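In this text the structure is predicted, and so the values were computed from the model without any measurement. Each chain gets a letter, A, B and so on, in the order the sequences are listed, and its residues count up from 1. When reading the values below, keep in mind they use all heavy atoms of this one structure, side chains included, and skip hydrogens, waters and symmetry mates.
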2 protein chains.
Amino acid sequence: MATIHDVAKLAKVSIATVSRVMSGADPVNPKTQQRVLAAMEKLNYRPNGLARNLRNLRTNVIIALMPNIQNPFFSEVIRGIEDGAREAGFHLLIGNTDGDRGKAKEYMALLDESLADGLILTTAQTDQAFLDEFAAHRPIVLACEYMEGSTIPTVSIDNISAARKVVKHLLALGHRRIAHIMGPNEVILSRARLAGYRQALQQHGLEVDEMLVQEGDFSLDSGYRVTRKLLSFKRPPTAIFAANDEMAIGAIRAIREHGLQIPDDISVAGFDDLTVSSFVSPSLTTIQQPRYEIGYRSVEMLIRLIRSEPLAQTQVVLDDSLVIRESSGVPKEHM
Amino acid sequence: MATIHDVAKLAKVSIATVSRVMSGADPVNPKTQQRVLAAMEKLNYRPNGLARNLRNLRTNVIIALMPNIQNPFFSEVIRGIEDGAREAGFHLLIGNTDGDRGKAKEYMALLDESLADGLILTTAQTDQAFLDEFAAHRPIVLACEYMEGSTIPTVSIDNISAARKVVKHLLALGHRRIAHIMGPNEVILSRARLAGYRQALQQHGLEVDEMLVQEGDFSLDSGYRVTRKLLSFKRPPTAIFAANDEMAIGAIRAIREHGLQIPDDISVAGFDDLTVSSFVSPSLTTIQQPRYEIGYRSVEMLIRLIRSEPLAQTQVVLDDSLVIRESSGVPKEHM
DNA sequence: TTGTATGCGTTATCAT
DNA sequence: ATGATAACGCATACAA
């Protein structure tokens, strides 16, 4: 690979002049500029990004950590992050943690090794105390979930109110035995959605039947398994609210295999509005959240942090909306 | 951030000794080692990766390019790549190209800027001539599709024979009017699967009705739209083979909306065996390919290329298998 | 307008 | 066993 020295020698100038031609910062005589350009062309010169980064002490790399690259919810968030990063001249390094805190910390360490300029977490990935401390001195943004009492810049919807909205919809249809398939209890998101579920029932004067709250892991398969369990109860629920669409699709499968009709025998609602959710049969009632925008706004904030620019607000809450489709309906006893 | 000089000063040694303590290559007196370690601890020293990389002229970064991060097929391939990369101490930079060759070339340029050590393409992303030339002097592996007459190291299944297998299955059930929803014509994969479709029909002595070959773009929605078109024909097909599962799921939706039963009125088959494909209703007949392994083997090859180690073989073809589920059955006139 | 010289923080060579 | 020093390739302050 040709270096700046090779170009300088061929163009009969100093390396400083070559550097100036590249940056365009200082004025350069048009004729020498031509010579330099010609030399760069001839040598097929590409500046070494490593040297440039060391000199500038910046990498132009942003890391986005996701618990699971397979999850289509996050991939749309990532698209928003990527677009925002590209527009600002940053590269995106995507890290998959599989919910493993060790992996997450490994990626976070890249910040301290100067191999990345900033970090976006989609879901917290680790304990709040550690994260607060870590983020205090480093450019970090938390996307998708909100940590109560934390000072970390955050972009998310209000998961509690969104979950409440789903359950109120089911209550309004006449359901009284509504089950909730929650996500992993250690995930903040999961607890927030569970809280919304409880609030809706309580505001309706109903007690929460703890048997009807079951934990999944956000996978299709866990939704399937948990639903089979729910259906085996003496008094099965008339509606199931799953904490994400994938578990809801798993639930649909289990219900159909059980020989029941949706929504006639049992209603199902999810959360996220994946693309596939309007294509499954029956199509899924769910919460639509602005996934792309969550990503885009997150990276905007992060870049301001990296540049030490002030933040207008540190906690951004975006709007969600309830999408009612075929999977939710009036319970049988009311028909 | 503390540097190696700060550590050296505090420990009252030279920077060379600090470096030795870190690498463990040369012997160091245990007592001085303790002093150095203590100093590193006290200063919370983290070596600067940028400087290290510049010195070594390596980044330990591998780039994986995918046409669409949303596509669950690729995300499993990426998992394989990521695991392989991690095991070998590499970081993975994931690039989304949206099928845009400009974006792809931008990422490829990172190789020439020394910001990455190697590149994996999942689908070719660009024209063969450019790619062959580009790959001739750089560590590059092509995953998922095979380019006829190319010398680029490749890991994939045999898409032609796999597609043939699907169509032969439909023929064996008694279908004669079999439609094909192909992927974008500029994608090698799409043309390979189309070729397999043609071969199967021809080997069965059937002519290909060109009206029954329609182009989609691998999205759910395109499968839906194209299927509506197919169903509007005077003589609609009795079976549809979609070039991927997402289009097949779109097709299922269109067929149900049309009031037809699957597989009684019309059979559907896909390609890829996404997780969701066994959960949709009816569950999908499809081709299962070793996505994770494709990724894993690709990165293995790439790392050998980066290290200038010899390759046992440059074109790896892995096994696929036909998974028969509920969406394909005997056509009505045969029942 | 251009050149010289220094430093970014490592690793590695060569002495001692 | 340890230290001094030279790269790695670039950007920039300062001189000319």
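- Shown here are the salt bridge (charged side-chain N to carboxylate O under 4.0 Å, His left out) partners of B/Arg138, two or more places apart in sequence or in another chain: B/Asp112.
- Contact detail for B/Pro72 and A/Gln70: the closest heavy-atom pair is O-OE1, 4.1 Å.
- Of all nucleotides in DNA chain D, those with any atom nearer than 4.0 Å to a heavy atom of chain B start and finish, going 5' to 3', at D/dA1 to D/dG9.
- Using modelled atom types, no side-chain atom of A/Asp83 and backbone atom of A/Gly80 make a donor-acceptor pair closer than 3.5 Å.
- The backbone N or O of B/Phe74 sits nowhere less than 3.5 Å from a side-chain atom of B/Arg291 that would complete a donor-acceptor pair.
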Next item on the list: Go through A/Leu131 and A/Met147 one step at a time and tell me if the side chain to side chain contact (heavy atoms under 4.5 Å, CB included) criterion holds.
Entry: CA-CA 10 Å; A/Leu131 199 53; A/Met147 289 201 316; 4.0 Å; yes

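- Of the possible donor and acceptor atoms, one in the side chain of B/Asp117 sits under 3.5 Å from a partner among the backbone N and O of B/Asn60.
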Next item on the list: Let me see the working for A/Gln289 and A/Phe73 under side chain to side chain contact (heavy atoms under 4.5 Å, CB included), right down to the final yes or no.
Entry: CA-CA 10 Å; A/Gln289 46 173 325; A/Phe73 172 77; 3.3 Å; yes

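- Distances shown here put a side-chain N or O of A/Thr17 below 4.0 Å from the OP1 or OP2 atom of C/dG3.
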Check: Between A/Leu115 and A/Leu93, is a side chain to side chain contact (heavy atoms under 4.5 Å, CB included) present by the stated rule, with each step listed?
Finding: CA-CA 10 Å; A/Leu115 291 172; A/Leu93 182 65; over 6 Å; no

For residues 11-20 of chain B, dump all side-chain donor-acceptor pairs below 3.5 Å to protein atoms at least two apart in sequence or in another chain.
residue	atom	partner	partner atom	Å
B/Ser14	OG	B/Ala16	N	3.3
B/Ser14	OG	B/Thr17	N	3.4

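- Comparing the local axis fitted to the first five base pairs of the helix from C/dT1-D/dA16 to C/dT16-D/dA1 with the one fitted to its last five gives a bend of 40°, rounded to 10°.
- Taking every heavy atom of residues 23-38 of chain B and every atom of DNA chain C, no pair lies under 4.0 Å.
- Between B/Arg79 and A/Asn68 there is a side-chain heavy-atom pair separated by less than 4.5 Å.
- Less than 4.0 Å separates DNA chain D from at least one heavy atom of each of the following residues of residues 43-58 of chain B: B/Leu54, B/Arg55, B/Leu57.
- Looking at heavy-atom distances under 4.0 Å, B/Met1 makes no contact with the nucleic acid at all.
- Nucleic acid contact class of B/Val13 (heavy atoms, under 4.0 Å, all strands): sugar-phosphate only.
- Of all non-hydrogen atoms in B/Cys144 and B/Asn159, the two that sit nearest each other are O-ND2, 3.4 Å.
- Using modelled atom types and a 3.5 Å distance limit, the side chains of A/Thr59 and A/Asn53 yield no donor-acceptor pair.
- Between A/Leu57 and B/Asn48, the shortest heavy-atom distance links the atoms CD2-ND2, 4.2 Å.
- Rounded to a whole Å, the CD1 atom of B/Ile15 is 15 Å from the P atom of C/dT13.
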